[in-house]
There are 2 protein chains.
Amino acid sequence: MSSEQTDTRTRILKATWHLMEQRHGLGVKMSDIASAAGISRQAVYLHFATRTELMIATVNYVDEIKGLNERLNQLKQARNGAELLDACVDVWGNYIPEIYGLAKALMMTRDTDEATAAAWNGSMACLREVCQDIIDTLDRENQLASEWPKTQAVELFMTLISIQNWEQLTTECGWSTTQYVTRMKTLLRHTFVKRPAQLSI
Amino acid sequence: MSSEQTDTRTRILKATWHLMEQRHGLGVKMSDIASAAGISRQAVYLHFATRTELMIATVNYVDEIKGLNERLNQLKQARNGAELLDACVDVWGNYIPEIYGLAKALMMTRDTDEATAAAWNGSMACLREVCQDIIDTLDRENQLASEWPKTQAVELFMTLISIQNWEQLTTECGWSTTQYVTRMKTLLRHTFVKRPAQLSI
DNA sequence: ACATCAATTGACACTGTGTCAAGTAACTAA
DNA sequence: TTAGTTACTTGACACAGTGTCAATTGATGT
């Protein structure tokens, strides 16, 4: 398997990913991808039946290479819920910039494309598990802020760390990745972690 | 001026708005708008040069009718920053569902369309002033949570109450408008309003 | 020598936006 | 009455981007 340089299919996936990141997921045509991969437009269709199929395959390819799951294993080290929360923001906040272009492309068509929506929901379900875990841990430690029932806490958590919010805060407001990470940690801790009683004067 | 029933231009605007709300801003074609307004597709172009121009005109039309600014005047009644913040969420949280379809249509094309982006930014600048005002008031009262410098507080505020977050929490997580409002109030208060010392045991 | 697979070229259908030209019906003004 | 203007109609067309189809080439393996 795979002689020459690299498999054509892989070359297409790499080209797609590269262009998506470069153009932040905007205005990437099938013909652009084809020429970036050094083949004809029609040849792309020999490997991927539709644009959507290509996008989803690219997501899987990137997932495999970037290994979000492995990164999330770093969370295993945290021993209490608050640390877990911090670690999560560290991993996620540094991950987003690496997949933003592709994520944007997906986000833009998920409203009109069933398959894209399904792929997106798959990724989000994976993230949700992590959030769920963190909230559960806080709850188990009796550290979950009392105003948030667990389900709502998870939903709000997911929303706060959404890619859309990251996009707004970084590209619109000019926050750097480190700024985003530290400030998001602050927000999440203050929102979900019960205030220690000893803080009172 | 304006005999018959209503001005054709106005009929187009109404049709656009109606369709946008009905279809949540998705898949609304110029021909759909035309037939909803009871005229030919080409006639729409006699009044609005491009789709974008029509969208922006519709936003202005809706703005005029719905009168966000007037609603925001309710805020004048609040006497302290915390109340101001609550009032803001009340107004904004009840406003979003009324303009969601149109807002969605705008949001979806602002990445690729300069004019749309400008119109969007205009609306957001208006909202930003309100947020700015609230944060300023909290700060003046020495009630702004110490971890947030004013600029960052405003940016975060805007992000938290963004339409995208509303969309996620309501359509994705199934929160009702009232649930959204009360929970968002909780989040914002805990985030931006300094914890009263007397809360300690 | 033959079959197969990957890729190529070129043509075409479809959708939606925007343009253009010619025609019609109604209202206005000399 | 006639001429002009205004608002709208019909129908045709250009353009971009996706997806399809058919015929062809070139290399690989048997």
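Every chain is numbered from 1, with letters handed out A, B, ... down the list of sequences.
With DNA chain C read from its 5' end, the first of the two nearest nucleotides for A:Q42 and A:L46 is the one closest to A:L46.
Across the protein-nucleic acid pair, B:R11 atom CZ and D:dA7 atom P stand 13 Å apart, rounded to whole Å. Atom P of nucleotide D:dG17 and atom CE of A:M108 are separated by 14 Å, given to the nearest angstrom. Residue A:F48 contributes atom CZ, which lies 11 Å from atom P of C:dA7 at whole-angstrom precision. The distance from atom CZ of A:R51 to atom P of D:dA16 is 17 Å, rounded to the nearest whole Å. Computed from coordinates, the A:R9 CZ to C:dA7 P distance equals 12 Å when rounded to whole Å. As rounded to whole Å, 15 Å separates atom C1' of D:dG17 from atom CG of A:L54.
Under the 4.5 Å side-chain criterion, counting only non-hydrogen atoms from C-beta, A:L26 is in contact with A:K104. Looking only at side-chain heavy atoms (C-beta outward), A:E172 and B:T159 stay at 4.5 Å or farther from each other.
Checked by atom type, the side-chain pair A:W175/B:Q152 shows no donor-acceptor distance below 3.5 Å. Side chain to side chain, A:E167 and A:Y100 meet the donor-acceptor criterion of an N or O pair below 3.5 Å.
For C:dG18, its base sits under 3.5 Å from the side chain of B:R41 at one donor and acceptor pair at least.
Remark: A:H47 is not in phosphate contact with C:dA6, judged by side-chain N or O atoms under 4.0 Å from OP1 or OP2.
Within a heavy-atom distance below 4.0 Å of DNA chain D, the residues of residues 17-40 of chain B found are B:I39, B:S40.
Side chain of B:W92 to main chain of B:I161: a donor-acceptor pair is present (N/O by atom type, distance under 3.5 Å, no hydrogens or angles).
Under a cut-off of 6.0 angstrom, the local environment of NZ in A:K185 is crowded, with over 12 non-hydrogen atoms contributed by other residues, nucleotides or ligands.
Of the candidates C:dA6, D:dC8, D:dT18, D:dC8 carries the atom nearest the B:A43 side chain, counting heavy atoms from C-beta on.
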